[in-house]
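What follows is a set of notes on a single structure, which appears directly below.
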Amino acid sequence: MDLEEEVSGIRLDIRYATENNFMGEQLYPVAKAVLRKPAAESLTEVQEELGDQGIGLKVFDGYRPYEVTERIWEPYQDPDYVADPAEGSRHNRGCAVDLTLVDGNGEELLMPTDFDDFSERTGHDYEDLPEEAIRNRDLLREAMESHGFVALETEWWHYDCQDFERFELLNLPLESVP
């Protein structure tokens, strides 16, 4: 499901469709975020719940073609932050989403780091941060987990839908995914 079409009010900042990412190169031909139906439906519930509080979600990444996982792995090979292609990524299954919180104007709320920072500060247990960043990180986690997502402990922005293993790895071009 295309998140921009299916999740009312969601914002996108698909960094891998630009050079503004940790690889410094465009990895996606289009700025599009898609997820499997169960994950997209749960994300809709999160967006609605947060909307009642005057905030919302901004998505950095969803489904990722397998070939992009291979490109990302080659220079980094750190399983704490990038998926080993031998196992595939939850993103390759359309079951993982990278996101943050935004205010009513679409401005990002303060978080521990920027997206795709590969430092210890990105972990959910890292506490040497401004109180506001911890509060926002915890709010995102609480909202996501209350709707069936599971946090990746090393990245405050990454969440997987439950039972992601039941979905196969995909290598469909992003521009061809409905």
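Only this structure's heavy atoms are used, side chains among them; waters, hydrogens and symmetry mates stay out.
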Next on the checklist: Using side chain to side chain contact (heavy atoms under 4.5 Å, CB included), reason through Val46 and Leu57 one step at a time and then give a plain yes or no.
Outcome noted: CA-CA 8 Å; Val46 174; Leu57 298 171; 3.8 Å; yes
Checklist entry - So how far is it from Lys58 NZ to Leu109 CG, rounded to the nearest 0.5 Å? => result 10.0 Å
Checklist entry - CD of Glu142: more than 12 outside heavy atoms within 6.0 angstrom? => result no
Checklist entry - Are Cys161 and Cys95 close enough that some pair of their side-chain heavy atoms sits under 4.5 Å apart? => result yes
Checklist entry - Should the pair Glu168-Arg36 be classified as a salt bridge under the 4.0 Å nitrogen-to-oxygen rule? => result yes
Checklist entry - Thinking salt bridges, do Arg71 and Glu25 make one under a 4.0 Å N-O criterion? => result yes
Item to check | Sub-4.5 Å side-chain heavy-atom contact between Leu27 and Ile72 | outcome: yes
Item to check | Plane angle bin for Phe60 and Phe115 - parallel if under 30°, tilted between 30 and 60°, otherwise perpendicular | outcome: parallel
Item to check | Separation of Gln47 CD from Ile10 CD1 (nearest 0.5 Å) | outcome: 5.0 Å
Checklist entry - Any side-chain heavy atom of Leu170 within less than 4.5 Å of one from Arg93? => result no
Next on the checklist: What I'd like to find out is whether the side chain of Leu152 reaches to under 4.5 Å of the side chain of Tyr159, using heavy atoms alone.
Outcome noted: no
Checklist entry - Can you tell me if CD on Glu41 sees more than 12 non-hydrogen neighbours from other groups inside 6.0 Å? => result yes
Checklist entry - Taking C-beta and beyond as the side chain, do Leu174 and Val34 meet within less than 4.5 Å on heavy atoms? => result yes
Next on the checklist: Would you compute the distance between atom CG of Asn92 and atom CG of Leu169 and round it to the nearest 0.5 angstrom?
Outcome noted: 5.5 Å
Next on the checklist: Taking Asn136's backbone N and O only, do any of them form a donor-acceptor pair with Arg141's side chain (distance below 3.5 Å, no angle check)?
Outcome noted: no
Checklist entry - Does some side-chain heavy atom of Asp163 sit less than 4.5 Å from a side-chain heavy atom of Arg166? => result yes
Item to check | Value rounded to 0.5 Å, distance of CG in Asn171 from OH in Tyr66 | outcome: 8.5 Å
Checklist entry - Would you say the side chain of Thr69 lies within less than 4.5 Å of the side chain of Asp84, judging by non-hydrogen atoms? => result no
Checklist entry - If we ignore angles and hydrogens, is there a donor and acceptor under 3.5 Å between the side chains of Tyr16 and Asp98? => result no
Item to check | Sub-4.5 Å side-chain heavy-atom contact between Thr100 and Trp157 | outcome: no
Next on the checklist: Looking only at side-chain N and O atoms, does Thr122 offer a donor or acceptor that is under 3.5 Å from a partner on Asp117?
Outcome noted: no
Checklist entry - Hey, are Glu45 and His147 close enough side-chain-wise for a donor-acceptor pair under 3.5 Å? => result yes
Next on the checklist: To the closest 0.5 Å, what do you measure between CZ (Phe149) and CG (Leu99)?
Outcome noted: 8.0 Å
Next on the checklist: Under 4.0 Å between a side-chain nitrogen and a carboxylate oxygen: does that hold for Glu127 and Arg121?
Outcome noted: no
Checklist entry - Taking 4.0 angstrom as the limit, do Glu107 and Arg11 come out as a salt bridge? => result no
Checklist entry - Are there more than 12 heavy atoms of other residues, nucleotides or ligands under 6.0 Å from atom CD of Glu175? => result yes
Item to check | Flag, side chain of His91 to backbone of Arg64, donor-acceptor distance under 3.5 Å | outcome: no
Checklist entry - Taking atom types as modelled, is there a side-chain donor on Asn20 or Thr18 under 3.5 Å from an acceptor on the other? => result no
Checklist outcome for this item: Interatomic distance, CG@Leu35 vs NZ@Lys37, rounded to 0.5 Å, equals 13.5 Å
Item to check | Exam field: side chain Arg137 to backbone Pro112, donor-acceptor pair closer than 3.5 Å | outcome: no
